[in-house]
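Keep in mind the model is a prediction, meaning the values are calculated, not measured.
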Amino acid sequence: MSSSYEPLEWKFTQVFGDRSPVEEVTDVDVVSAIEFDETGDYIAAGDRGGRVVIFERAQEKQHGTSKKKDVSKTPEYKFHAEFQSHEPEFDYLKSLEIEEKINKIKWCTRHNTAHFLLTTNDKTIKLWKVFEKKVKQVATTNMPPSGSSNNGTVQAYRSTAAAIPVSQVKMPRLTTRETVVAASARRVFANAHAYHINSISLNSDGETYISSDDLRINLWNLSISDQSFNIVDIKPANMEELTEVITSAEFHPQHCNLFMYSSSKGTIKLGDMRSAALCDRSAKTFEEEEDPASKSFFSEIISSISDIRFSRDGRYILSRDYLTLKLWDINMESKPVKSIPIHDYLRGKLCDLYENDCIFDKFECAMNHDGSLLLTGSYHNYFHIYDRNMSGKGDGSGYGGLCLEATKFPPKQVKKGLGSKMKLGRSKTKDQKGLGISSPDINPDTIDYTKKALHVAWHPKENVIAVGAANNLYLYAA
């Protein structure tokens, strides 16, 4: 790496949500999805209670000291709207309760003053319109209200109205009393998935989107809610022969015919809708050969990919499994260009994590606007930021990594109470401002596994990130 590299200085900016201890947080309030819109001026957050809360970017405030002339702008968001997207349901045919939890949120391309969002729970996808609604009232009239009088008779009303000269009659006029933000469900895309929906992704054509469950991926048109096309189906004829499931799916950001999906076996497949109506045969398969010596009972569980993302130019693919964050070049299928250990210190505790079901936690990942910085979450409300252009070692050191803790209280950039050497700053320097930390030597026995930064999102144009943990949404900026 060149010595001219200037590390970023990340600052905590805001936190939304109640500051109750983790053990007091009710399940319905836990954040389950986060998404920036295409401008970055709005953030949508969904929770396990089926609600969607939208935050709007406020006017920027400026931070600076009297001694220094350099003044940096810090983005600030405020509440914009909230609506109930999904309600709990019951499938009487399968005797199955359908949770209201929001699994994914996607913003549609904006064409007017209204916003359109796709939200989904396990079974049903909805298209919501969020818009400003003007509440009007009748004003500036001196006529008595219709039917009102001293004795309530029509004759008395007429006599009262006749007492006002015609020249002095003020015609009623509608005025805006207030402007409120309203949300209405424009379309409901239901009854197309037999299994739980894990992903939705909008196409670059602005007209279609895909939804994926454990075994199938469907293609929808935003204007048609009662018809979809199945483009991937991995369900075997005999369910006893089932060896893998689909874990995530996403459209290519520039080519409307390309999409990718990941599996529980740790593979990523790139499909081309031009080749066939049913894309059972992938155009490319990204898979890293497993070392036979490291194979164990937990190998298949920890290799399952929980999230995949394209870079904005479509050149790179970022994937996250339980232990590692991997960056793939779309032109190289044999191995990732970077494999960053996130949870290497947990390898010795996989049995305990299996017992308490933490091994099945699904951490998300994200990239910044130019694909140079990578983001993912971890336990103890930690989240990690890595520089794609920095090289690292096999133990996870290097990579320009930064580990921060999302906390409800005035945060510290370096957490030192973990029996660890969590140094911050560039390696081999005393600079403690930005990216360039060694992989933290975290003691897994002191980690709080109830604190999980599962959901992350990156601003589409700026170095602003959102992290969802428990019932809080944290914002950081650099």
Side-chain angles (χ1 to χ4, degrees), residues 1-2 4-16 34-45 55-64 68 70-78 107 253 307 309-316 318 320 325 327 338 340 342 363-378 381-390 392 398-407 411-414 424-427 431-437 453 455-469 472-478:
M1 190 193 83
S2 64
S4 62
Y5 171 76
E6 285 297 328
L8 295 173
E9 183 179 355
W10 288 92
K11 295 179 181 178
F12 168 83
T13 58
Q14 284 177 282
V15 58
F16 296 100
I34 305 173
E35 191 77 13
F36 280 97
D37 78 329
E38 61 182 352
T39 65
D41 292 337
Y42 294 87
I43 310 172
F55 300 96
E56 178 187 16
R57 189 165 185 166
Q59 290 184 350
E60 294 178 336
K61 61 181 181 180
Q62 296 194 348
H63 289 279
K68 297 182 179 180
D70 55 327
V71 179
S72 59
K73 293 182 179 180
T74 302
E76 185 175 311
Y77 289 81
K78 62 181 181 179
W107 293 84
D307 193 24
R309 299 290 176 97
F310 273 112
S311 60
R312 294 196 175 273
D313 60 2
R315 172 67 187 274
Y316 294 98
L318 185 64
R320 173 68 201 268
L325 183 69
L327 183 69
K338 263 187 183 20
I340 305 172
I342 304 294
F363 292 94
E364 294 180 359
C365 58
M367 277 188 277
N368 70 336
H369 55 281
D370 61 4
S372 61
L373 297 176
L374 319 175
L375 169 68
T376 191
S378 181
N381 280 7
Y382 285 142
F383 59 95
H384 302 266
I385 303 172
Y386 295 95
D387 187 345
R388 187 192 79 192
N389 299 315
M390 292 184 68
Y399 296 112
L402 177 65
C403 179
L404 295 176
E405 180 186 0
T407 174
K412 298 177 182 178
Q413 274 195 320
V414 186
L424 186 64
R426 294 153 105 183
S427 55
D431 183 3
Q432 301 209 343
K433 290 185 177 180
L435 302 179
I437 131 188
H455 308 285
V456 295
W458 205 303
H459 191 287
K461 298 176 182 178
E462 302 173 25
N463 284 322
V464 178
I465 59 176
V467 180
N472 295 107
L473 176 65
Y474 301 90
L475 296 179
Y476 285 77

Under 3.5 Å, side chain of N368 to main-chain N/O of L373, donor-acceptor pair present?
-> yes
Quick check: does any side chain N or O of T13 sit under 3.5 Å from a backbone N or O of A477, one acting as donor and the other as acceptor?
-> no
Keeping the roles fixed (side chain from W458, backbone from L375), state whether a donor-acceptor pair exists under 3.5 Å.
-> no
Check whether any side-chain heavy atom of D41 lies under 4.5 Å from a side-chain heavy atom of F55, and answer yes or no.
-> no
Within the distance-only criterion (no hydrogens, no angle test), does the side chain of N472 pair as donor or acceptor with the backbone N or O of F16 below 3.5 angstrom?
-> yes
Please tell me if the side chains of R320 and R309 come closer than 4.5 Å, counting only heavy atoms from C-beta onward.
-> no
About how many Å separate NE2 of H459 and CD1 of I465, when rounded to the nearest 0.5 Å?
-> 12.5 Å
So how far is it from S372 OG to D387 CG, rounded to the nearest 0.5 Å?
-> 6.0 Å
Are any non-hydrogen side-chain atoms of P460 and E38 less than 4.5 angstrom apart?
-> no
ring-ring contact (aromatic ring centres under 6.0 Å, His included) involving F310 - partner list, sequence neighbours excluded | H252
Mind checking whether V456 and I34 have side chains closer than 4.5 Å, heavy atoms only?
-> no
D307 (side chain) donor-acceptor with C365 (main chain) under 3.5 angstrom = yes
For F363, ring-ring contact (aromatic ring centres under 6.0 Å, His included) partners two or more places apart = H343, Y379
Starting from the C-alpha separation in whole Å, work towards a yes-or-no answer on ring pair (Phe, Tyr, Trp, His ring centres under 6.0 Å) for Y474 and F383.
-> CA-CA 11 Å; Y474 301 90; F383 59 95; 8.4 Å; no
Would you check if M367 and L327 make a side-chain contact, meaning some heavy-atom pair closer than 4.5 Å?
-> yes
Does the side chain of E76 come within less than 4.5 Å of Q14's, by heavy atoms?
-> yes
Which distance, rounded to the nearest 0.5 Å, do you find between the CG of D37 and the CH2 of W107?
-> 5.5 Å
Looking at side-chain heavy atoms only, is the closest gap between I385 and W10 below 4.5 Å?
-> yes
Measure the CZ-CG distance between R388 and D370 for me, rounded to the nearest 0.5 Å.
-> 7.0 Å
Taken in chain and number order and not counting sequence neighbours, the residues that satisfy ring-ring contact (aromatic ring centres under 6.0 Å, His included) with Y42 are H80, H115
How long is the gap from CZ on F36 to CD on E462, to the nearest 0.5 Å?
-> 9.0 Å
Would you call L404 and Y382 a side-chain contact if the rule is heavy atoms closer than 4.5 Å?
-> no
Do the side chain of N381 and the main chain of A406 share a donor and acceptor less than 3.5 angstrom apart?
-> yes
